[in-house]
Q: 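Sharing a structure with you now.
Letters A, B, ... mirror the listed sequences (proteins, then strands); counts begin at 1.
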Amino acid sequence: TQLLEQSPQFLSIQEGENLTVYCNSSSVFSSLQWYRQEPGEGPVLLVTVVTGGEVKKLKRLTFQFGDARKDSSLHITAAQPGDTGLYLCAGVDYGGSQGNLIFGKGTKLSVKP
Amino acid sequence: DAGITQSPRHKVTETGTPVTLRCHQTENHRYMYWYRQDPGHGLRLIHYSYGVKDTDKGEVSDGYSVSRSKTEDFLLTLESATSSQTSVYFCAISALRLDYNEQFFGPGTRLTVL
């Protein structure tokens, strides 16, 4: 069974600080996705990383896919209160036949002004 | 934003009563999913559909059934609600490119079973 482990589970920082959250697995994934979920809303797709070693940037957010395609990281530069939310990573479950997603349990980020 | 709505948004019901949650999409996507989200467990797949009248079980399907009679609607039914089914339920859709499966989520339904 493929599993995605996210760390840390909780992160509370001050506005302006940098942070990195991690998504790790012992399995190889063809791609990994990152979602952000704000309180009371559904998850929203931020990015999909596909190639080992790939780096994608979305404003102050930098996403990296590990060379072996078993892990990914999300780095936020100069965090702002608007970055507060639950960050989820997800990958396609190749144990099934329909390409369903497996989700990590998430990192809950709180950015205080 | 993908056009996905869920109804109701909030529901309180009693143990033993049937409950139906509705997901409606305007994107004409083939794949639709029902998840539940609970503290400490993250998002878990209940059932999914890969076309009209084509559905299959996910990780936590016991106590739930689904139906999809039209492309745009995917219904989740709790035949006899239990307190363990208190949760937030999310519907998602995707066009499913095989290696990606990028999903778009609805706003969620908060269900409380007393």
Q: Looking at CG of Leu32(A) and CZ of Phe63(A), how far apart are the two atoms once the value is rounded to the nearest 0.5 Å?
A: 12.0 Å
Q: Among Ile, Leu, Val, Met, Phe, Trp and Tyr joined by side-chain contacts under 4.5 Å, find the other residues sharing a cluster with Leu114(B) and list them by chain and number.
A: Val12(B)
Q: Through direct or indirect side-chain contacts below 4.5 angstrom among Ile, Leu, Val, Met, Phe, Trp and Tyr, which residues connect to Leu75(B)?
A: none
Q: Among Phe90(B), Phe105(B), Phe104(B), whose ring-ring contact (aromatic ring centres under 6.0 Å, His included) with Tyr35(A) holds?
A: Phe105(B)
Q: So, does Arg30(B) use its side chain to make a donor-acceptor pair with the main chain of Ser94(B) at under 3.5 Å?
A: no
Q: Which atoms of Gln37(A) are under 4.5 Å from chain B, going by heavy atoms: the side chain, the backbone, both sets, or neither?
A: side chain
Q: Relative to chain B, which of Leu101(A), Leu45(A), Val50(A) shows the most heavy atom pairs under 4.5 Å?
A: Leu101(A)
Q: Please flag which part of Val44(A) lies under 4.5 Å from any non-hydrogen atom of chain B: side chain, backbone, both or neither.
A: neither
Q: Quick one: are Leu4(A) and Gln6(A) in side-chain contact, heavy atoms under 4.5 Å?
A: no
Q: Would you find a donor on one side and an acceptor on the other, under 3.5 Å apart, between the side chain of Thr77(B) and the backbone of Thr20(B)?
A: no
Q: Just by modelled atom types, is the Asp56(B) backbone N or O under 3.5 Å from a matching donor or acceptor in the His47(B) side chain?
A: yes
Q: Picking from Lys105(A), Glu41(A), Gln9(A), which has the most non-hydrogen pairs under 4.5 angstrom with chain B?
A: Lys105(A)
Q: Can you check whether anything in residues 80-88 of chain A gets within less than 4.5 Å of chain B, heavy-atom wise, and list it by number?
A: Leu86(A), Leu88(A)
Q: Classify the ring geometry between Tyr31(B) and Tyr33(B) as parallel (under 30°), tilted (30 to 60°) or perpendicular (over 60°).
A: parallel
Q: Give the interface residues of residues 35-45 of chain B toward chain A, defined by a heavy-atom separation under 4.5 Å.
A: Tyr35(B), Gln37(B), Gly40(B), His41(B), Gly42(B), Leu43(B), Leu45(B)
Q: I'd like to know if Arg68(B) and Asp54(B) make a salt bridge, using a cut-off of under 4.0 Å between side-chain N and carboxylate O.
A: no
Q: Checking Thr20(A) against His75(A) for the side-chain hydrogen bond (donor to acceptor under 3.5 Å, both in side chains) test, could you report, in this order, the C-alpha distance in whole Å, the side-chain angles of both residues, the deciding distance, and whether it holds?
A: CA-CA 4 Å; Thr20(A) 302; His75(A) 181 79; 2.8 Å; yes
